[in-house]
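Quick caveat, the model's predicted, so the values are computed rather than measured. Note: hydrogens, waters and symmetry copies are ignored here, and every other heavy atom, side chains too, is used.
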Amino acid sequence: QVQLVESGGGLVQAGGSLRLSCAASGRTFNSYAMGWFRQAPGKEREFVAAINYSGTSTYYADSWKGRFTISRDNAKNTVYLQMNSLKPEDTAVYYCAARSRATAQAMRVIRDIDYWGKGTLVTVSS
(Lines give C-alpha, C1' and ligand atoms only; values in the text may rest on other atoms or scores of the structure.)
Protein backbone atom coordinates (compact mmCIF):
# COMPACT_ATOMS: atom_id res chain seq x y z
CA GLN A 1 0.00 0.00 0.00
CA VAL A 2 2.94 2.32 0.78
CA GLN A 3 6.36 1.99 -0.81
CA LEU A 4 9.37 3.85 0.61
CA VAL A 5 12.63 4.55 -1.21
CA GLU A 6 15.53 6.25 0.57
CA SER A 7 18.26 8.28 -1.10
CA GLY A 8 21.00 10.75 -0.22
CA GLY A 9 23.41 8.45 1.56
CA GLY A 10 27.11 8.36 0.82
CA LEU A 11 30.53 9.26 2.15
CA VAL A 12 30.94 12.46 4.15
CA GLN A 13 33.74 13.98 6.20
CA ALA A 14 33.37 14.20 9.97
CA GLY A 15 31.74 17.49 10.91
CA GLY A 16 29.95 17.72 7.61
CA SER A 17 26.27 17.60 6.74
CA LEU A 18 24.03 15.35 4.72
CA ARG A 19 20.33 15.31 3.86
CA LEU A 20 18.51 12.04 3.38
CA SER A 21 15.28 11.76 1.43
CA CYS A 22 12.51 9.19 1.52
CA ALA A 23 10.14 9.15 -1.42
CA ALA A 24 6.80 7.48 -0.72
CA SER A 25 4.16 6.17 -3.06
CA GLY A 26 0.54 5.53 -2.19
CA ARG A 27 -2.56 7.67 -1.89
CA THR A 28 -2.70 7.22 1.90
CA PHE A 29 0.68 8.88 2.51
CA ASN A 30 -0.80 11.96 4.16
CA SER A 31 -2.36 9.85 6.94
CA TYR A 32 0.93 8.20 7.97
CA ALA A 33 3.42 9.25 10.56
CA MET A 34 6.96 8.92 9.20
CA GLY A 35 10.27 8.24 10.84
CA TRP A 36 13.93 7.40 10.47
CA PHE A 37 15.88 4.55 12.05
CA ARG A 38 19.48 3.50 11.67
CA GLN A 39 21.44 0.29 12.04
CA ALA A 40 25.19 -0.13 12.26
CA PRO A 41 26.89 -3.47 11.55
CA GLY A 42 26.47 -5.85 14.46
CA LYS A 43 24.03 -3.55 16.29
CA GLU A 44 20.27 -3.38 16.69
CA ARG A 45 18.15 -0.98 14.71
CA GLU A 46 17.79 2.34 16.56
CA PHE A 47 15.15 5.03 16.45
CA VAL A 48 16.35 8.42 15.21
CA ALA A 49 13.43 10.77 14.59
CA ALA A 50 9.77 10.89 13.59
CA ILE A 51 7.15 13.33 12.37
CA ASN A 52 3.37 13.20 12.43
CA TYR A 53 1.14 13.12 9.38
CA SER A 54 0.78 16.90 9.05
CA GLY A 55 4.35 17.84 9.97
CA THR A 56 3.24 19.82 13.02
CA SER A 57 4.84 17.53 15.61
CA THR A 58 8.27 15.88 15.76
CA TYR A 59 10.04 13.53 18.15
CA TYR A 60 13.75 12.77 18.43
CA ALA A 61 15.90 10.32 20.27
CA ASP A 62 17.86 12.28 22.87
CA SER A 63 21.19 11.34 21.32
CA TRP A 64 20.41 13.14 18.07
CA LYS A 65 18.35 16.10 19.24
CA GLY A 66 20.01 19.33 18.10
CA ARG A 67 22.01 17.74 15.28
CA PHE A 68 19.32 16.06 13.19
CA THR A 69 16.11 17.56 11.84
CA ILE A 70 13.19 15.68 10.33
CA SER A 71 10.71 17.31 7.98
CA ARG A 72 8.16 16.32 5.36
CA ASP A 73 6.66 17.72 2.19
CA ASN A 74 3.31 16.05 1.65
CA ALA A 75 2.89 17.68 -1.75
CA LYS A 76 5.96 15.72 -2.89
CA ASN A 77 5.27 12.61 -0.79
CA THR A 78 8.76 12.99 0.66
CA VAL A 79 10.30 12.92 4.14
CA TYR A 80 13.74 14.35 4.88
CA LEU A 81 16.41 13.92 7.52
CA GLN A 82 18.90 16.77 7.75
CA MET A 83 22.06 15.59 9.52
CA ASN A 84 24.64 18.08 10.76
CA SER A 85 27.93 17.79 12.65
CA LEU A 86 28.27 14.19 11.58
CA LYS A 87 30.55 11.86 13.51
CA PRO A 88 32.15 8.54 12.56
CA GLU A 89 29.78 6.91 15.06
CA ASP A 90 26.88 7.98 12.83
CA THR A 91 28.00 5.52 10.16
CA ALA A 92 25.07 3.19 9.55
CA VAL A 93 22.32 2.19 7.17
CA TYR A 94 19.46 4.64 7.59
CA TYR A 95 15.91 3.38 7.09
CA CYS A 96 12.72 5.25 6.39
CA ALA A 97 9.57 3.97 8.13
CA ALA A 98 5.83 4.62 8.09
CA ARG A 99 2.92 3.88 10.42
CA SER A 100 -0.73 4.77 9.97
CA ARG A 101 -2.57 6.89 12.52
CA ALA A 102 0.39 7.27 14.85
CA THR A 103 1.89 10.13 16.80
CA ALA A 104 5.51 11.07 16.24
CA GLN A 105 6.48 9.64 19.63
CA ALA A 106 4.71 6.34 18.92
CA MET A 107 6.97 5.79 15.92
CA ARG A 108 9.85 4.78 18.20
CA VAL A 109 8.24 1.35 18.72
CA ILE A 110 9.84 -0.74 15.99
CA ARG A 111 7.38 -3.66 16.15
CA ASP A 112 4.45 -1.40 15.28
CA ILE A 113 5.96 0.00 12.08
CA ASP A 114 3.80 -0.78 9.04
CA TYR A 115 6.28 -0.16 6.21
CA TRP A 116 10.06 -0.01 5.82
CA GLY A 117 12.33 1.30 3.11
CA LYS A 118 15.35 -0.70 1.99
CA GLY A 119 17.83 1.71 3.57
CA THR A 120 20.60 4.05 2.44
CA LEU A 121 24.19 3.80 3.67
CA VAL A 122 25.84 6.77 5.37
CA THR A 123 29.59 6.58 5.95
CA VAL A 124 31.33 9.28 7.99
CA SER A 125 35.10 9.43 7.73
CA SER A 126 37.45 10.96 10.29
Quick one: pull up [atom1] in [X] and [atom2] in [Y] and give me the separation to the nearest 0.5 Å.
X	Y	atom1	atom2	value
M34	I70	CE	CD1	8.0 Å
N77	R72	CG	CZ	8.5 Å
N52	T58	CG	OG1	8.5 Å
M83	L18	CE	CG	4.5 Å

With sequence neighbours excluded, give me every disulfide (SG to SG under 2.5 Å) pair touching [range].
range	value
residues 36-92	none
residues 52-92	none
residues 51-114	C22-C96

Apply side-chain hydrogen bond (donor to acceptor under 3.5 Å, both in side chains) to [X] and list each qualifying residue two or more places apart in sequence or on a separate chain.
X	answer
Q105	none
S126	none
R45	Q39
N84	S17, Q82

Which atom names give the shortest non-hydrogen contact between [X] and [Y], and what distance separates them?
X	Y	answer
I51	S71	CD1-CA, 3.8 Å
S21	W36	O-CH2, 3.7 Å
A50	A104	CB-O, 3.3 Å
A102	A33	O-CB, 3.3 Å

What's the verdict on side chain to side chain contact (heavy atoms under 4.5 Å, CB included) for V122 and L20, showing C-alpha distance, side-chain angles and the deciding distance?
CA-CA 9 Å; V122 173; L20 305 182; 3.9 Å; yes
Can you hop from [X] to [Y] via hydrophobic side chains spaced under 4.5 Å?
X	Y	result
Y32	V109	no
L121	W116	yes
V124	V93	no

Can you list every ring-ring contact (aromatic ring centres under 6.0 Å, His included) pair that touches residues 38-60, not counting sequence neighbours?
F37-F47, F47-Y59
Keeping to residues at least two apart or across chains, list the ring-ring contact (aromatic ring centres under 6.0 Å, His included) pairs with something in residues 79-99.
none
Please check this pair: side chain of [X] against backbone of [Y], looking for a donor-acceptor N/O pair closer than 3.5 Å.
X	Y	value
D114	S100	yes
T56	S54	no
T120	G9	yes

Check whether any side-chain heavy atom of [X] lies under 4.5 Å from a side-chain heavy atom of [Y], and answer yes or no.
X	Y	answer
M107	I113	yes
D90	R67	yes
S57	T103	no

Got more than 12 heavy atoms from elsewhere within 6.0 Å of CD, Q13?
yes
Counting only heavy atoms not in R99 (residues, nucleotides, ligands), do more than 12 fall under 6.0 Å from its CZ?
yes
Among residues at least two apart in sequence or on other chains, which ones pass salt bridge (Lys or Arg N to Asp or Glu O under 4.0 Å) with [X]?
X	result
R19	none
E46	R38
D73	none

